[in-house]
Amino acid sequence: MNRPNRAPHWLSRLALLLTLLITPWSAGAQAGSCSAVACVAAGPRLLSVDSQRSVILNGLFQGLLGGGSLTLSAADWNAIANADVNLGLFLDALTAEAGVGTTAEALNADVTLLQVLDVAAQAAQTSGNTAAVNALNLLRPALSAPNGTIRLGDLLKLEGSSAAFLTSQVNLLNLLTGSVQLFNYRNAVTTPTPVTLNALNVSLSGLGLGVNAVTPTVRVYLQVIEPPVYRCGPQGTQFNTAAIRAKLNVDLGGTQLNVLGLTDGKLTLTTLDLYLEVAKASGTIGTVDAISRALSLNAQPGLAQLGLGQISDSVFFNRSNANPFASLTPAIIGTVDLTVRVPVPLLPDLEVPIVLNVRARAFADGTYPLSTVTAAPPYPQTYTVGSSSAAVGTLVGTLLTSLGTPGNLTLELRDPAPLVPTALLTGTISAALSPVLSTLGLVLRPVLEAVLMATVDQVLRLLGIGIGEAVFTVGGVGNVCAVTGVVYHDRQPDGARDAENWDGPTTFVNAVTGGRVQASAQVPAGAGTFTLALGEGTYTLPVARTAAAISAGNPSGFVFVNPLNGTRTVTVTAASTSVPEQEFGLFQGDRLSGVVFRDDGRGAGGAAHDVTRQGDETPLNARTLTVSGTRTGAAVTRTAETAADGSYTLYVPGDWTGVTFRSGASATEVVTGVRLNGVAALTGDVSDPALREYALPAPSGADQTLNAGLTGRVGLTPDRSGRGEAPLTVRYAHTFTPGTTGTVSFATTGGFSGQVFLDSDCNGTVSDAERTAVSSVTVDGSWPRLPDGRLRSCALEVEVTVPAGTAVGTTRATFATASLVWAGRPDVQDLASVTDTTTVTPGAELVKTVENLTRADGVVAAAVDALPNERLRYCLNVRNTTPDPLTGVTVSDTLQGVAAYVPGSLTLEGAALTDAADTDAGEIVTRTVTVRLPDLAVGATRRVCFEVLVP
């Protein structure tokens, strides 16, 4: 069966304010278990106030507060009765008014009735209900006078979070009525101010009592002996109304009645004092169905006790006296006028009038059965168990029966009657007792029933109670889950709990929705477990330092590992049967995270060497980063590898000292700088050791952000050497790597004179077109790059010239340097150099021969005859006659005269070479044949041949 996924409007008409005093979930709850819950309030909601009821409300508030003056009109009371305010607004205002951090603290704070009034007015004002605000302000004089405080959390006990109720509405009249009841209970008002009921007219017609009606005046003195408790919770949750003691002063105004069965007897009723205690009506939430939103209620009206007679106010209104009716004594409720006939000898009987005091004492109690009702939406719905109309009649009947108990009703002579013999007087009184009792039975039944029903209708129902009846309002049905979890010390850290507990400081896991903390669980050191009871809704669960925090805050000395932001999200719906356990792993120490990138200003908007990744600057992945330190005297390290986006995370334990960071720079890279928590430390030297081993602050449980910029070093390799006989020109081939952007200056010093040629298109070869000496070059965004983002290396030649006449055996080193000034950082210079060593040797032996291929006579000589159109083959025969191997030997020959080179005829050791200046060893450019020979061992020979055509 599918449960509807909808949030319940539980408390749209809830009688009193909810509390955030979270009670532990029921003892049998499983981890993550969910239960259907209901919210039940005692008493109905007053929908309208007429002029007579407004007078009663004024008096009721005065009575419960112990005095004061209230003159609110029916319109004023209606403005309050018809005003509902948003519960969330009310709770926010209460928290601010109480000057505390959480709603739970606010509901358990001592506040005055005036503060409650101000908070209600703020909520009404925010809701735009000006009429209610104006009416509430009329209550200020009465509510500011009493001394004493209340705790609004005593009005309702909530099993679970109030988050499901934040959109609910609180009725202002019920809020104030409940607050005043709580004030009366908490502040022991023992001398109540009476409430005068509206006029009564009790019919006595047909009873033969000589009058048709009486109009008693009734004043009610009220005291709350137990405040109401409204509950929201699962099956088995109990709730109850207030318990009330009421003294009813019934003034019958000297109503004179015929005493039935007693000739000429007149009964005059003056004042009756009735003592009523209505115990709390209680109930239990039965089965609750979160699918259908239905539930059952088991409810029982409270025991009612009624006494007629007299009890001292100091006894009856003493809350510590559990049974004030034990002190009930007879009281004079009226008089009986009689005539006693006294016989006189020889004369007519003497008629002597006498007046008897009627002294009465009676007690009755009533118990009422448990009933079950079934509630169904839409909510709120009000349900009544029992009936005051039926219960009052039974209670009065029991009281009158008690009145007939011997000794409870007595007649006594009010004034002396000296002319009446004692025996005659005693007989007359005795004879009158039964008729008086019968007459009282007839007259008191309708009077007492009318008085008690008026009390119920005009006063008690305003307080949510009745005689023999219980009235409850169901605010709604929903689902609440016990969300459990654990906070643990993730020592690895690996984001998984490995039998790890919590050994950190006391922390809190809060449930937040609507920008407010709805529930909070304290997590002390130890197992680290917690439980939150949450109603339907979506909550964020941050681990926080205080119970009032709405966002995560890492405990002192720790950082969050799992989840990284210290916050999880849970959702409770009507369909939820359980919620997975929520785990929070924390590491004691610092988390160091950031990105490592090539800081060379690549791409549009990029700026080099500033440790700020911009443009298309390349993240560096698979770099091994290291933090090192000391723990208990031993060296310790931790490493991490950067991800594809250059990011990394390293955890530094809190007990490490002397912590340093290495950014994974290779020997051919420079650390341009590091940026720790936004503060940059830029290098001033390409070999700055302080950045390669960057000192970190002592770990303190902080999230540290450290970005590192790396860039390449300028490179010039390898060193070369060459030999030859003077005069000699040697070209040494090198590889130039710019490393990073900036301006590079080239220079040669020492040894033989030299000049630098650069492979400007970086194709790996210095072509003839590129053999223009360079002294500097700018490396910028146009420089070609490798696929991994590095600047491409290029070929570079250093041409050394040995002048003629240089003595054999002369050796000189030519130093070629590439000096790079960083882009944007003219203070940083990088330098690379190579050494090219040239030695003057006797030289290789070169013999040039020629052969006429057209004649095919096989003659090879230094010179041959040739006629037009004949082909000649020239060969350059090189032999190393020196004592050392020769490297870098190049032979060149320039065609003389008009003979034309035969394309494709160039060979080295018989192997064809291309004519073009490309990657092989030879080329012919502008009638000059050039071939670079392999190394020549001592005595080795090489042969270069080419052909010409005689024109």
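Hydrogens, waters and symmetry mates are skipped; everything else that's a heavy atom, side chains included, is used. This one's a predicted model, so the numbers in the text were calculated from it and none came from an experiment.
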To the nearest 0.5 Å, tell me how far [X] [atom1] sits from [Y] [atom2].
| X | Y | atom1 | atom2 | result |
| --- | --- | --- | --- | --- |
| Gln492 | Arg497 | CD | CZ | 12.5 Å |
| Arg461 | Glu469 | CZ | CD | 4.0 Å |
| Asn82 | Leu172 | CG | CG | 10.0 Å |
| Gln518 | Thr513 | CD | OG1 | 6.0 Å |
| Asp76 | Leu57 | CG | CG | 11.5 Å |
| Phe61 | Thr177 | CZ | OG1 | 4.0 Å |

Looking at side-chain heavy atoms only, is the closest gap between [X] and [Y] below 4.5 Å?
| X | Y | answer |
| --- | --- | --- |
| Ser578 | Ser33 | no |
| Tyr488 | Trp502 | no |
| Gln223 | Tyr185 | no |
| Ile150 | Leu152 | yes |
| Thr506 | Val523 | no |
| Leu534 | Val480 | no |
| Val570 | Thr538 | no |
| Leu136 | Ile80 | yes |

Which atoms form the tightest heavy-atom contact between [X] and [Y], and what is the distance?
| X | Y | result |
| --- | --- | --- |
| Arg293 | Gly478 | NH1-CA, 3.1 Å |
| Leu532 | Ala511 | CD1-CB, 4.3 Å |
| Asn479 | Cys34 | OD1-CB, 3.9 Å |
| Val116 | Phe90 | O-CE1, 4.5 Å |
| Ala544 | Thr507 | O-OG1, 2.7 Å |

Candidate list Asp289, Thr287, Val288, Val37, test side-chain contact (heavy atoms from CB on, under 4.5 Å), partner Leu295, passing option: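 So, applying the side-chain contact (heavy atoms from CB on, under 4.5 Å) to Leu295 and each of Asp289, Thr287, Val288, Val37, only Val288 qualifies.
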I'd like a table of donor-acceptor pairs (distance under 3.5 Å, sequence neighbours excluded) in which one partner is a side-chain atom from residues 368-378, with atom names and distances.
unit_1	atom_1	unit_2	atom_2	d
Thr372	OG1	Asn298	OD1	2.8

Only counting residues at least two apart or in another chain, list the ones meeting salt bridge (charged side-chain N to carboxylate O under 4.0 Å, His left out) with [X].
| X | value |
| --- | --- |
| Arg140 | Asp118 |
| Glu97 | none |
| Asp50 | none |
| Asp703 | Arg591 |

[X]: which residues meet the side-chain hydrogen bond (donor to acceptor under 3.5 Å, both in side chains) condition with it, sequence neighbours left out?
| X | answer |
| --- | --- |
| Thr384 | none |
| Asp590 | Gln704 |
| Asp494 | none |
| Asn129 | none |

[Y] and [X] side chains, donor-acceptor separation under 3.5 Å:
| X | Y | result |
| --- | --- | --- |
| Ser520 | Asn510 | yes |
| Thr149 | Thr112 | no |
| Thr567 | Asn565 | no |

Pair listing, side chain to side chain donor-acceptor pair (under 3.5 Å) test, anchored in residues 553-563, at least two apart: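 Non-adjacent pairs meeting side chain to side chain donor-acceptor pair (under 3.5 Å): Asn562-Arg568.
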Audit row: Thr473, Gln381, side chain to side chain contact (heavy atoms under 4.5 Å, CB included) steps and yes/no: CA-CA 6 Å; Thr473 297; Gln381 291 277 3; over 6 Å; no
Whether Phe530 and Phe584 hold their rings parallel, tilted or perpendicular, with breakpoints at 30° and 60°: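 Tilted: the ring planes of Phe530 and Phe584 meet at 30° to 60°.
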Plane angle bin for Phe558 and His489 - parallel if under 30°, tilted between 30 and 60°, otherwise perpendicular: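 His489 and Phe558: perpendicular rings.
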Check: Phe472 ring centre within less than 6.0 Å of Tyr383 ring centre: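 Ring centres of Tyr383 and Phe472 not closer than 6.0 Å.
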Note: Arg151-Asp110 ion pair, threshold 4.0 Å (strictly below):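 Answer for the salt bridge query: yes.
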ring-ring contact (aromatic ring centres under 6.0 Å, His included): pairs with one or both residues in residues 506-528, sequence neighbours excluded: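 Output for this query is empty, none listed.
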Working for side chain to side chain contact (heavy atoms under 4.5 Å, CB included), residues Leu222 and Leu463: CA-CA 11 Å; Leu222 291 170; Leu463 304 178; 4.3 Å; yes
Sequence neighbours excluded, every pair satisfying salt bridge (Lys or Arg N to Asp or Glu O under 4.0 Å) that has a member inside residues 372-390: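 Salt bridge (Lys or Arg N to Asp or Glu O under 4.0 Å) check on residues 372-390 returns no pairs.
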Mark yes or no for whether [X], through its side chain, and [Y], through its backbone, hold a donor-acceptor pair below 3.5 Å.
| X | Y | value |
| --- | --- | --- |
| Gln122 | Ala120 | no |
| Asp490 | Gly495 | yes |
| Glu226 | Ala279 | no |

